[in-house]
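Here the structure is a predicted model, which is why all the values come from computation and not from measurement.
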Amino acid sequence: SISTLNVTVSDLSPTANFTSNYPKDEGQVITFTDASTSSPDTISSWSWDFGDGSSISNLTNPTHTYVANGTYTVTLTVTDSDGSTNTKVNNSIFVGDLSPTANFNSDSSKNENEVMTFMDLSTKGFNDSIILWSWNFGDGSPVSNLTNPTHIFNASGVYNVTLTVNDSDGSTNSKTNSVTVNDLSPTANFNSDSPKNESQVMNFNDTSVSSPDKIVVWSWNFGDGSPANSSMNTTHIYSISGTYNVTLTVTDSDGSTNT
């Protein structure tokens with residue numbers, strides 16, 4: 001007699017798995033490496049979904065570039081030679097943001113009360129645009145949001161100027177440079193109603209100029225050994241005839257002098 005026994009042989013599906021070299025930043029290439037296993041059947045197709053709406057890849061070991069930062073879910077589905085499938089999901093592929101890089105140049109130095117020009121040299125991150133510029137000139141003046149502003153410093157000194165840029169996905173970066181503002185000294189000058197005779201009153205009138213600082217001190221030396229005079233406009237009597245060298249020294253509000 002013949003005895004018949006029905007037996008069932010179950011299929012061994014493949015096991016999908018993969019690795020990648022994340023984290024990377026937006027615009028950088030991420031490499032995905034298939035680590036799937038299958039026995040005794042061989043894997044015959046791969047289907048990669050990168051979770052960003054891009055096309056499916058059927059490569060064994062693909063690369064991919066994300067154009068925006070974020071956390072992405074990547075899915076690999078493998079199929080073996082007898083049609084069995086298996087899927088691996090990794091929902092924590094992190095892609096970092098590439099911030100903009102703030103940079104600028106300016107006139108190397110200017111005098112107080114002169115116009116200084118600032119030029120933006122910032123570069124954007126991948127696929128983002130710089131949308132906001134904030135200039136702090138370090139002198140207590142209002143912030144400027146122009147791309148390439150000008151500024152007038154009203155006093156001499158060294159100022160720390162800071163540019164902060166913001167890009168279209170909210171990332172920021174700042175750059176600080178020092179600029180030098182030179183002092184403008186006053187220019188001393190005067191006239192008088194000479195000649196006069198000895199013992200007559202001679203008038204001296206200050207015609208000095210200073211900008212933006214004001215002249216705050218006048219010092220007259222009449223060249224005859226008499227005490228210095230600190231009036232702005234003054235008079236003097238010479239008791240002996242002769243030729244005298246009269247000197248006016250002026251000092252402005254930030255201490256600069258001229259004679």
Side-chain angles (χ1 to χ4, degrees), residues 16 18-34 46-77 87-110 114-154 157-181:
F18 65 91
T19 62
S20 68
N21 63 342
Y22 79 95
K24 292 283 187 176
D25 292 326
E26 55 187 353
Q28 295 181 333
V29 175
I30 297 179
T31 300
F32 294 89
T33 302
D34 174 54
W46 296 258
S47 177
W48 297 84
D49 184 340
F50 298 109
D52 60 351
S54 60
S55 299
I56 297 295
S57 173
N58 298 120
L59 298 176
T60 306
N61 300 304
T63 60
H64 189 67
T65 301
Y66 290 93
V67 298
N69 60 295
T71 300
Y72 295 89
T73 298
V74 177
T75 302
L76 169 61
T77 299
T87 298
K88 168 70 176 179
V89 176
N90 186 336
N91 59 4
S92 59
I93 301 296
F94 178 76
V95 178
D97 179 52
L98 274 180
S99 298
T101 301
N103 197 15
F104 67 93
N105 63 22
S106 66
D107 299 320
S108 58
S109 67
K110 286 284 186 178
E114 290 183 338
V115 174
M116 184 174 287
T117 300
F118 294 87
M119 180 67 67
D120 173 54
L121 299 175
S122 304
T123 54
K124 66 183 182 69
F126 181 82
N127 208 44
D128 301 317
S129 300
I130 296 175
I131 58 172
L132 179 63
W133 294 259
S134 298
W135 297 85
N136 185 328
F137 298 108
D139 61 351
S141 60
V143 168
S144 171
N145 297 122
L146 297 177
T147 306
N148 301 304
T150 60
H151 189 67
I152 295 174
F153 293 92
N154 294 319
V158 177
Y159 296 88
N160 290 323
V161 178
T162 301
L163 168 62
T164 300
V165 293
N166 297 59
D167 69 14
S168 51
D169 67 3
S171 298
T172 67
N173 188 252
S174 296
K175 172 71 173 180
T176 300
N177 288 337
S178 295
V179 297
T180 299
V181 179

Which residues pass the side-chain hydrogen bond (donor to acceptor under 3.5 Å, both in side chains) test with [X], sequence neighbours left out?
X: S54; value: D52
X: S129; value: none
X: S57; value: none
X: S174; value: T164

Quick one: list whatever passes side-chain contact (heavy atoms from CB on, under 4.5 Å) with [X], sequence neighbours left out.
X: T65; value: V29
X: D169; value: E26, N69, D97, D128, D167, S171
X: K24; value: N21, Q28, I30
X: S92; value: Y22, N90

For the residue pair [X] and [Y], what are the closest heavy atoms and their distance?
X: S47; Y: N58; value: CA-ND2, 3.9 Å
X: W46; Y: L59; value: CB-O, 3.6 Å
X: V74; Y: F50; value: CG2-O, 3.9 Å
X: Y72; Y: G51; value: CD2-O, 3.6 Å
X: D34; Y: F18; value: CA-CB, 4.3 Å
X: F118; Y: V179; value: CE2-CG1, 4.1 Å

Atom [atom1] of [X] and atom [atom2] of [Y]: how far apart are they, to the nearest 0.5 Å?
X: I152; Y: E114; atom1: CD1; atom2: CD; answer: 9.5 Å
X: T75; Y: N91; atom1: OG1; atom2: CG; answer: 9.0 Å
X: I93; Y: Y66; atom1: CD1; atom2: OH; answer: 6.5 Å
X: D25; Y: L98; atom1: CG; atom2: CG; answer: 4.5 Å

Exercise for review: For F153 and K110, run side-chain contact (heavy atoms from CB on, under 4.5 Å): C-alpha distance rounded to whole Å, both residues' side-chain angles, the deciding distance at 0.1 Å, then the answer.
Suggested key: CA-CA 9 Å; F153 293 92; K110 286 284 186 178; over 6 Å; no
Check your understanding: Can you tell if the side chain of N166 reaches within under 4.5 Å of the side chain of T172, non-hydrogen atoms only?
Key -> yes
Determine all donor-acceptor pairs shorter than 3.5 Å in which one atom belongs to a side chain in residues 100-107; sequence neighbours excluded.
{"from": "D107", "atom 1": "OD2", "to": "T117", "atom 2": "N", "distance (Å)": "2.8"}

Check your understanding: Should we say atom NZ of K124 is surrounded by more than 12 heavy atoms from elsewhere, each under 6.0 Å from it?
Key -> yes
Point to revise | Between T63 and T31: side-chain donor-acceptor atoms closer than 3.5 Å | key: no
Expected list for residues 136-148: side-chain donor-acceptor pairs under 3.5 angstrom, two or more places apart:
{"from": "N136", "atom 1": "OD1", "to": "G138", "atom 2": "N", "distance (Å)": "2.9"}
{"from": "D139", "atom 1": "OD1", "to": "S141", "atom 2": "N", "distance (Å)": "3.1"}
{"from": "D139", "atom 1": "OD1", "to": "S141", "atom 2": "OG", "distance (Å)": "2.6"}
{"from": "D139", "atom 1": "OD2", "to": "H151", "atom 2": "NE2", "distance (Å)": "2.7"}
{"from": "S144", "atom 1": "OG", "to": "L146", "atom 2": "N", "distance (Å)": "3.3"}
{"from": "N145", "atom 1": "ND2", "to": "W133", "atom 2": "O", "distance (Å)": "2.9"}
{"from": "N145", "atom 1": "ND2", "to": "S134", "atom 2": "OG", "distance (Å)": "3.4"}
{"from": "N148", "atom 1": "OD1", "to": "D120", "atom 2": "N", "distance (Å)": "2.7"}

